[in-house]
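All values below come from the heavy atoms of this structure, side chains included, with hydrogens, waters and symmetry mates left out. So that the names make sense, note that chain A is the first sequence line, chain B the second, and so on, each numbered from 1.
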Number of protein chains: 2
Amino acid sequence: MSRPAGLAGDPLEFAVMTEISIIAHLADNAFARRLPDGLTTAQFAVLNHLLRLETQQTIGELARALQVSQPTMSSTVKKLEEKRLVTLVPDPDDRRIRRVSVSPAGTKARNKAVKALDATKSEPAVLSQKEWKQLLPLLNRLRVSLDSAR
Amino acid sequence: MSRPAGLAGDPLEFAVMTEISIIAHLADNAFARRLPDGLTTAQFAVLNHLLRLETQQTIGELARALQVSQPTMSSTVKKLEEKRLVTLVPDPDDRRIRRVSVSPAGTKARNKAVKALDATKSEPAVLSQKEWKQLLPLLNRLRVSLDSAR
DNA sequence: AGATTTTATATAGATATCTATATATCATCA
DNA sequence: TGATGATATATAGATATCTATATAAAATCT
């Protein structure tokens, strides 16, 4: 089993994990502030996930994909349904299941959100393209390792 | 003003920010699970912050240092006080202020927590020392930039 | 086929966080 | 010095999340 790295001890690992925690926090806030139509980060994530993959998924599948508990995803999906941004499609072969399907209004809301977020692209980049590229594989290994250590 | 990077658009930046968000989430959970005595991450952070700096701070100072709202810090400090892990020292010159001071029990609890977290150090490291070192300055610049863009 | 186990989702209750606002105290300035 | 503005903290109310558990349907097993 791989190590849940940087939990304590080594000051270097600790410092990295601290930066990651703060960055996630700040980015999530910045992200949420820019989302239109009272969309929350969690709600946007569901719409974006389903539209990127061009698919419909059950609440359980969404919960696992987006790393939240199943009741949390039930709640997020219910909010989206109340806003008519998704519909719940019953499965004819399994009456326990309803698949989450993004509605036209949901597609529109997500595209509007992406546009609003894209507006920040005109601002100067913090890191060079090369540096972003450098970060990705390291963070990916770290994430996979933490994930498998759960 | 620097850019709240990776909010959308560029797939590379988006991927990096996604990894960071998931890593923070997983690490926070792993961290919380290992903390003894019903300490939460937020409570541990306060104890660790004050003990590392060997100081006492007001609720406002703690809120700014640990990047949470003032009412959140009020609540965290109240919990710590109820557990007798900190005491609130009144300022003789300013009766609005009480400084948070870690009690002997608080020091003990934090040291016990650090030891429990350190136990994970025996497990194999995910990234090499060199890779951790590579990550830190990049993440640091990203954090500073996001912070100043708030 | 009926009983048992597994799976998908919902509900209940707890907690941590946020924003908005109230309260108390201090600082400033006319 | 008294009014006004600023600062430190507390309180209220809302939301998002979690764990534990209930419910319903499907799958399995004897």
Minimum-distance nucleotide to [X] side chain [options: [options]]:
X       : options                : answer
B/Pro71 : D/dT19, D/dA10, C/dA16 : D/dA10
A/Thr72 : C/dA10, C/dC18, D/dC18 : D/dC18
A/Arg96 : D/dA24, D/dT9, C/dT17  : D/dA24
A/His25 : D/dA10, C/dC18, D/dC18 : C/dC18

Euclidean distance, atom [atom1] of residue [X] to atom [atom2] of [N] [Å, nearest integer]:
X       : N      : atom1 : atom2 : result
A/Asp93 : C/dA8  : CG    : P     : 14 Å
B/Gln70 : C/dA22 : CD    : P     : 15 Å
A/Asp94 : D/dA26 : CG    : P     : 5 Å
A/Leu39 : D/dA16 : CG    : P     : 11 Å
A/Arg99 : C/dT7  : CZ    : C1'   : 13 Å
B/Lys79 : C/dA14 : NZ    : C1'   : 10 Å
A/Glu81 : C/dT9  : CD    : C1'   : 13 Å
A/Ile97 : C/dA10 : CD1   : C1'   : 15 Å

**Item:** A/Thr76 vs A/Pro92, nearer the 5' end of DNA chain D by closest nucleotide
**Value:** A/Thr76

If the cut-off is 4.0 Å, is [X] near the phosphate of [N], judged by side-chain N/O to OP1 or OP2?
X       : N      : value
B/Arg95 : C/dT23 : no
A/Ser75 : D/dT17 : no
B/Lys78 : D/dT9  : no
A/Ser69 : D/dC18 : yes

Heavy-atom side-chain proximity of [X] to [Y] below 4.5 angstrom:
X        : Y        : result
A/Val102 : A/Arg110 : no
A/Met17  : A/Leu146 : yes
B/Asp147 : B/Gln67  : yes

**Message:** For a quick check under 3.5 Å, do A/Thr72 and A/Ser75 share a side-chain donor-acceptor pair by atom type?
**Reply:** no

**Asked** Does CD belonging to B/Glu54 count more than 12 external heavy atoms closer than 6.0 Å?
**Response** no

